[in-house]
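Take a look at the structure set out below.
Hydrogens, waters and symmetry mates play no part in the numbers below; they use all other heavy atoms, side chains included.
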Amino acid sequence: MRGRGGPPGERTTSGGPSGPGPDDGAGPHAGRPPGARTGPGNPGAPPALHAEGIRKRFGPTLALDGVRLTVRPGEAHALVGRNGAGKSTLVSVLTGLVRPDTGTVSFAGRAAPRFGDAAAWQRRVACVHQRSMTVPDLTVAENLHLGHLPRGRIRWQALRARAREVLAEYGVDVDPAARIRELGVEQRQFVEIARALTHGARLIVLDEPTARLDAAGIDRLFTELRALRARGVAFLFISHHLQEVHELCDTVTVLRDARRVLTAPVAGLSRDALVEAMTGERPGTAAHRPPSGPPGPEVLRTERLALDGHFAPADLAVRAGEVVGLAGAAGSGATALAETLAGLRAPGGGRITVGGRPVRAGSVPHALAAGIGYVPEDRHREGLIATRSVAENVTLTVGDQLGPGGTVLPSRAREFARRMITALDIKAAGPAAPVTGLSGGNQQKVVIARALAREPRVLVAVRPTNGVDIKSKEALLGTVRRVADAGACALIVSDELDDLRICDRVLTLFRGRVTGEFAAGWRDGELVAAMEGMAPPGAAVEAPGGRPAHGAAAPPAGPPVRPAAGPAAPPVGDPVAPAARPDATEGTAP
């Protein structure tokens with residue numbers, strides 16, 4: 001008999017303590033292609049981690065209800081669930097930051113250290129957070145030994161030599177003398193992993209480790225993780241990207257409403273079954289489909305818009321009712337183009353118009369006044385004021401509408417916030433609720449609410465579903481679609497294929513240049529190839545209405561982009577020949 005969330009033969013639990021079963025830790029699975037995943041190590045060894053009957057309550061909120069989790073040595077074990085399911089609380093318990101009300105935790109067959117003994121916990125488990133916990137102004141060597149520096153006089157040369165040995169041992173190609181702020185996200189993660197292993201931890205919790213990596217960076221990360229797994233290091237992998245769970249992990253545990261509802265081998269577990277376990281609902285047959293009707297009049301246009309070192313002269317035209325995707329990996333120039341539209345960057349040349357009226361470039365107030373709403377990529381760093389309430393965050397851009405003479409009347413602010421909370425279904429206690437108390441999906445809804453507060457004609461959203469669960473993704477993308485359906489237009493900048501499926505068309509960028517345009521119904525492989533600069537030379541994908549679109553592969557990397565002189569090119573989507581001059585088509589991000 002089939003349980004909810006899994007195909008026949010898989011055991012699904014409804015939460016609460018449960019006895020050992022065949023799904024509590026996975027061994028090597030038959031039928032797996034060679035090299036696809038590295039299975040756990042010695043099956044007779046005690047679990048790297050075993051948690052039993054973990055229960056935790058915060059006031060009236062039950063955060064964990066009898067959760068059980070087992071991770072074997074050398075295993076990559078995925079922990080998934082919607083925002084608010086209990087993942088963060090469970091990780092806090094497993095890393096010694098929160099004391100459970102009931103339940104036990106053990107590492108390698110030995111009871112967990114007493115609560116409060118931070119050094120002892122660090123010798124058993126470490127967490128690499130989505131936001132780096134390294135100290136930017138210290139060197140790699142200093143970060144590796146942070147909290148474990150010798151007393152008295154420090155021999156810096158010996159410290160750096162030891163750091164070099166540690167980095168080499170774990171395959172981390174980083175200069176020990178480099179300051180952390182000089183490293184990329186990927187390198188910082190490897191430094192944190194090396195630091196944890198140096199302290200003795202054999203279980204590493206990875207919290208959304210791929211959130212800020214491009215495809216090549218993810219491949220390198222997974223390669224290094226597989227090498228460490230072969231040495232017996234276990235990983236608890238937290239991700240909202242289900243394809244990564246299937247690519248890297250042996251076993252998956254699903255939390256829903258504070259309970260464990262599924263632990264099963266990843267091999268043979270379909271994406272739909274996993275989504276059903278996470279949500280308690282069968283996945284819909286289709287995402288938000290683009291409208292079938294023709295788009296309205298042109299709303300947004302750029303002419304020869306360029307930013308030196310980021311993107312070549314770009315000509316875009318987006319019409320009312322359209323959702324257009326800008327797809328590109330890190331360094332493609334897509335995010336820089338979005339930031340330029342929002343007034344966060346001053347372009348080196350070109351112009352922007354909304355509704356036929358020019359927008360003063362490089363000015364956020366003028367972009368807002370022109371009707372451009374913006375959702376930034378990183379809600380924590382760029383999208384929210386963490387010390388303020390939901391109401392204060394939602395109304396940041398409409399202070400001039402909430403009282404006479406530029407004053408803000410609290411009653412009007414609360415009423416405005418209530419309307420936005422209702423419209424976007426934000427799960428919050430009320431307008432006065434602190435924004436830090438919301439789940440990631442609801443925090444993102446607050447950011448989008450602020451972008452929509454002025455009823456923009458153009459909504460520019462950069463990776464709008466970054467770090468949120470699958471149901472929140474559907475809600476957020478549905479909001480973007482409704483903005484366009486109401487007569488505005490939207491631009492989604494993302495390398496997440498699921499973000500782009502609601503788009504009427506998608507433009508791909510590579511090294512600052514548009515390499516293709518894809519109508520709705522594109523194939524994943526073709527789109528990814530164009531994003532990675534691998535589109536076949538001269539290829540074109542038919543755009544809506546039968547028009548040819550850009551499809552030529554990008555040339556090899558060249559000098560930074562510089563605005564090209566000459567007459568303005570027609571908007572992307574109209575017939576256009578590939579650019580002939582390298583300085584007009586190539587660019588590298590700094």
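In terms of heavy atoms, R454 sits closest to L368 at NE-O, 4.2 Å. When all heavy atoms of L307 and A346 are compared, the closest pair comes out as CD1-O, 3.3 Å. Considering every non-hydrogen atom in both L409 and P404, the closest pair reads CD1-CD, 4.2 Å.
Taking CD1 of I193 as the reference point, atom CG of L221 lies at 6.0 Å (rounded to 0.5 Å). To the nearest 0.5 Å, atoms CD1 (I180) and CG (L138) are separated by 8.0 Å. One finds the CZ atom of R220 at 11.0 Å from the CG atom of D173 (value rounded to the nearest 0.5 Å). We find the CD-CG distance between Q444 and L476 to be 6.0 Å, quoted to the nearest 0.5 Å.
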Check your understanding: Step by step, would you call D498 with R501 a side-chain contact (heavy atoms from CB on, under 4.5 Å)?
Key -> CA-CA 5 Å; D498 287 343; R501 297 191 198 283; 3.1 Å; yes

Review point. Run the side-chain contact (heavy atoms from CB on, under 4.5 Å) check on I502 and V480 step by step: do they pass?
Key: CA-CA 9 Å; I502 69 163; V480 175; 4.3 Å; yes

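K445 has its side chain out of reach of V390: every pair of non-hydrogen atoms, C-beta onward, lies at least 4.5 Å apart. Side-chain contact between R511 and F311: absent, with no pair of heavy atoms (C-beta onward) separated by less than 4.5 Å. The closest side-chain heavy-atom distance from I421 to P431 is below 4.5 Å. At least one side-chain heavy atom of V446 sits less than 4.5 Å from a side-chain heavy atom of V394. Looking at heavy atoms from C-beta onward, R481 lies in side-chain contact with D504 at the 4.5 angstrom threshold. Contact of the V506 side chain with the C503 side chain is registered, since non-hydrogen atoms from C-beta on lie closer than 4.5 Å. Side-chain contact check for F190 versus V128: every heavy-atom pair is 4.5 Å or farther apart. For the pair R414/R412, no side-chain contact is recorded, criterion being any heavy-atom separation below 4.5 Å from C-beta on.
The environment of R360 atom CZ is sparse: at most 12 non-hydrogen atoms of other residues, nucleotides or ligands sit within 6.0 angstrom. By the 6.0 Å contact criterion, CD on E382 is enclosed, its count of non-hydrogen atoms from other residues, nucleotides or ligands being greater than 12.
For the pairing with Y374, the side-chain contact (heavy atoms from CB on, under 4.5 Å) check across V462, L341, V447, L459 returns one residue only, V462.
Between the side chains of N143 and T134, no donor N or O sits under 3.5 Å from an acceptor N or O. The closest side-chain donor-acceptor pair between T479 and R482 falls under 3.5 angstrom.
Under 4.0 Å is where a charged nitrogen must lie from a carboxylate oxygen, and between D137 and R179 no such pair does.
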